[in-house]
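Working notes, structure below.
All chains are named by letter (A, B, ...) in the order of the sequence lines, taking the proteins before the strands, and each is independently numbered beginning at 1.
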2 protein chains.
Amino acid sequence: MLKTNDPSLHSWIQISPECHFPIQNLPFGIFQAPDRDARVGVAIGDYVLDVYVLTQHRLFDMLDIVDPTVFHRPYLNDFMALGRDIWRQVRGRISELLRNDNPEIRDNRSLMAECLLKQKEVQMLMPVRVPNYTDFYSSIEHATNVGTMFRDPANALLPNWKHLPVGYHGRASSIIPSGMPVRRPKGQAKPADADAPTFGPTKQLDFELEVAFITGQPTQLGTSLTTKEAEEYIFGLVLFNDWSARDIQAWEYVPLGPFLAKNFASSVSPWVVTLDALEPFRVPGPVQDPKVLPYLEFEGNKNLDINLEVTLQSPTLPQEQVICRSNYKHLYWNMNQQLAHHTVNGCNIEVGDMYASGTISGPTPDSYGSMLELTWRGTKPLQLPDGSERKFLHDGDVVTMRGYAERNGVRIGFGEVRAEILPAL
Amino acid sequence: MLKTNDPSLHSWIQISPECHFPIQNLPFGIFQAPDRDARVGVAIGDYVLDVYVLTQHRLFDMLDIVDPTVFHRPYLNDFMALGRDIWRQVRGRISELLRNDNPEIRDNRSLMAECLLKQKEVQMLMPVRVPNYTDFYSSIEHATNVGTMFRDPANALLPNWKHLPVGYHGRASSIIPSGMPVRRPKGQAKPADADAPTFGPTKQLDFELEVAFITGQPTQLGTSLTTKEAEEYIFGLVLFNDWSARDIQAWEYVPLGPFLAKNFASSVSPWVVTLDALEPFRVPGPVQDPKVLPYLEFEGNKNLDINLEVTLQSPTLPQEQVICRSNYKHLYWNMNQQLAHHTVNGCNIEVGDMYASGTISGPTPDSYGSMLELTWRGTKPLQLPDGSERKFLHDGDVVTMRGYAERNGVRIGFGEVRAEILPAL
């Protein structure tokens, strides 16, 4: 266990127990502010710590970083490319600087004013440039629900599902940060009773509750990672909303998979929570039966206990309504297996690649991670306090996802990923 | 018609009629040589023209290019980002400089020696950095062949196929230039008579004969391109070999499409032939029946008459054997439709994005663009002159694809994309 995760650590910054960003977290992101351009920040309490300013004041001089301008970039990629040892050195040093017994910033008023900004006064941007985006399908509950609805309840899981972490390539260009609204997409759909497809705005706009991990190190084409090695390549995790248009998807997806039903937007939370910060929250995953092939075997607890929730707001529903509570620990396939599988054929990975989990549904109906499942394809609409109901999302709806891990009074949070639905153009 | 395409144009460089790179072509690529680092080049005859050197000698001063170092980069992206008017200015100026009546380089020995290198003495690199890669499935012959073999001969085409250009997202990171060998991938497959999948090197390694177009201009998320606008965004085309592992594909691809069966490598030809150079080769495409939705309608001839061939060599077969002759004009869906469809939901495109056509099979068995189809899933092996046969590709096989358009004695060629199969590690 790293010292940086010790529950007894406290910062000289006041942080409430419900806050997602105690000194044990220290997630990385990219922010800009009226007085400074895009750069690397770390969340602490209600503040953002400007990491580049720290380097300018020579507070990182003892670290093995040759070029401190990696913190003065509009993406985390160049910092991540330095490798896990540097990630840990930087997180360790920032933990030290923020600790209540360290005077370096605490007792330097002008430095403090320069390097600490209120989160509500900065704008968070995309944390990474995403060269490649993969979406897995690793929740057995979600795959079973979808298979039951669309195919055959008696054979809901396809034959390959328990043998490999099914995944597909998604669209990297349309991954956007929290806060950016999402335009309702138009496309083709074919109503069950129609002879031909029709064109128009999707009538079945949906969210998908996912968590994505990000690789911070590349591999060479032709090489593979073991489940053990995989972890050394993972920088951290974000919340991921894989927006979906179900009517477009149902019509287009055979035989090559989802395309326009997904690639109009995916939203991510702005703070990348490091895998190091999440180490205390390791738990066992579901038993995998049948036994997996040797390249997918792993040792130790590789799932993570992260509470997840989805809320809905609308112009007539200003109070957020929780519509789903789930947990990342439900996933059948873990990150190590996903990455080992992804590279077993020699596929190369890059710095900044994003790997979403697939919709994280739990075992109970209130833990289903999409409207598709929560309303059982629209047959059981959600009843909302304003008297309205939802089969799928309406224009003006705001979907917010939040997540945190908690143990021993320490809450390691992701913040949120939020977006409003705009009407089709 | 642009003056640059005039069949009567001749260069002061001697160029044989079979050469792919007459003065009417002028494709762009990225090369490096022992005496110079990666930069933009243009193919002319057996030579590469160093475009950056031209700018250093102020031969582009009359063009609207603010920063000539866009030609001193390891990718074409920054040049392409300048837009179609600049693409045309540059191609026009290079045509002028190479014309037999222009003395600017012709009569300047030292400049000629500096800016013209023999193609066989340079190394060609990836022409573009590919932020996003999409693979379509636009040959009706290929889709029909695959549907017949894997599903139902009576309903070989799925219901959506004639209503939209089916496509999916592929892997950008593993797109490699011609000449780089391809390692036979390992993965899961499930033999028909087995209870569980097995792991090992693919037994059904295949090529797919494709052509890819490249966008040189971006769109904003939430906006769409019409079929008419689409063309203004397309910089040029390359040959594309979409390597495939059929046994891995058959097991993994439901329900989300191909993944590890494809993402271990795709090979591209190094010269990007501009859409401008290909304008004289417009031909009508197949009649589309049923009528397409309005957003997929288009005016004029949007297919391109490009002859394509695939050859096979091996250690025991040093002479190349032609195993497929096809033509890009066979495609049911054209580039304009593919790009209009891709963006109709607001999906944003980026500079350098690559869009492969899908396997380009023609109507006759010798025009099928994959081993899968040529050997009808291995049931009709290819008989080769050395006495060997092929159901799928063997280690040591070299697959080469070539393509050119030809009219009025002018041959606009792509050169080739070639790769050798290395044994699995």
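Here B:P255 is the residue among B:G187, B:G222, B:A143, B:P255 with the most heavy-atom pairs under 4.5 Å with chain A. When each of A:K190, A:R183, A:E350 is checked for heavy-atom pairs under 4.5 Å with chain B, A:E350 comes out on top. For the set A:P201, A:G167, A:P131, the count of heavy-atom pairs under 4.5 angstrom toward chain B peaks at A:G167. When A:V182, A:L422, A:L293, A:T202 are compared by the number of non-hydrogen pairs under 4.5 Å with chain B, A:L293 comes out ahead. Note on A:K186, A:H341, A:Q188: by heavy-atom pairs under 4.5 Å with chain B, the leading option is A:Q188. With chain B as partner, the option from A:C347, A:S174, A:P185 having the largest number of non-hydrogen pairs under 4.5 angstrom is A:C347. Per-residue counts of heavy-atom pairs under 4.5 Å with chain A were compared for B:M180, B:H163, B:R171; the largest is that of B:R171.
The part of B:I176 that comes within reach of chain A is its side chain, from C-beta onward, which places non-hydrogen atoms under 4.5 angstrom from that chain. Proximity to chain B is limited to the side chain of A:T134, based on heavy atoms less than 4.5 angstrom apart. Neither the backbone nor the side chain of B:R184 comes within less than 4.5 Å of any heavy atom of chain A. Contact annotation for A:L425: only side-chain heavy atoms (C-beta onward) come within less than 4.5 Å of a heavy atom of chain B. Residue contact with chain A, scored on non-hydrogen atoms closer than 4.5 Å, is absent for B:D135. Contacts between B:S224 and chain A at a heavy-atom distance below 4.5 Å are absent for every atom of the residue. Neither the backbone nor the side chain of B:P218 comes within contact range of chain A; no heavy atom of the residue lies under 4.5 Å from a heavy atom of that chain. At a 4.5 Å heavy-atom cutoff, the contact between B:L221 and chain A is made by side-chain atoms alone. Within the 4.5 angstrom heavy-atom criterion, no atom of A:F150 approaches chain B. Proximity to chain A (any heavy atom under 4.5 Å) is shown, for B:P197, by both the backbone and the side chain.
Counted within 6.0 Å of CG on A:D195, heavy atoms from surrounding residues, nucleotides or ligands total 12 or fewer; the atom is thus considered open. Heavy-atom neighbours of B:K203 NZ from other residues, nucleotides or ligands within 6.0 Å: at or below the threshold of 12.
Ring centroids of A:H169 and B:Y133 are separated by 6.0 Å or more, keeping the two rings apart. Two rings, from A:Y295 and B:F199, have their centers less than 6.0 Å apart.
B:P258 has its side chain out of reach of A:Y168: every pair of non-hydrogen atoms, C-beta onward, lies at least 4.5 Å apart.
Counting only distance, with no hydrogens or angles, the side chain of B:E252 and the backbone of A:V166 share no donor-acceptor pair below 3.5 Å. A donor-acceptor distance shorter than 3.5 angstrom exists from the side chain of B:S173 to the backbone of A:N348, with no hydrogens or angles considered.
To the nearest 0.5 Å, the span separating CZ on A:F136 from CZ on B:F259 amounts to 4.5 Å.
Of the listed residues (B:L164, B:T343, B:N345), just one forms a side chain to side chain contact (heavy atoms under 4.5 Å, CB included) with A:L260, and that residue is B:N345.
The two residues B:W251 and A:N160 come nearest to each other via the heavy atoms O-ND2, 2.9 Å.
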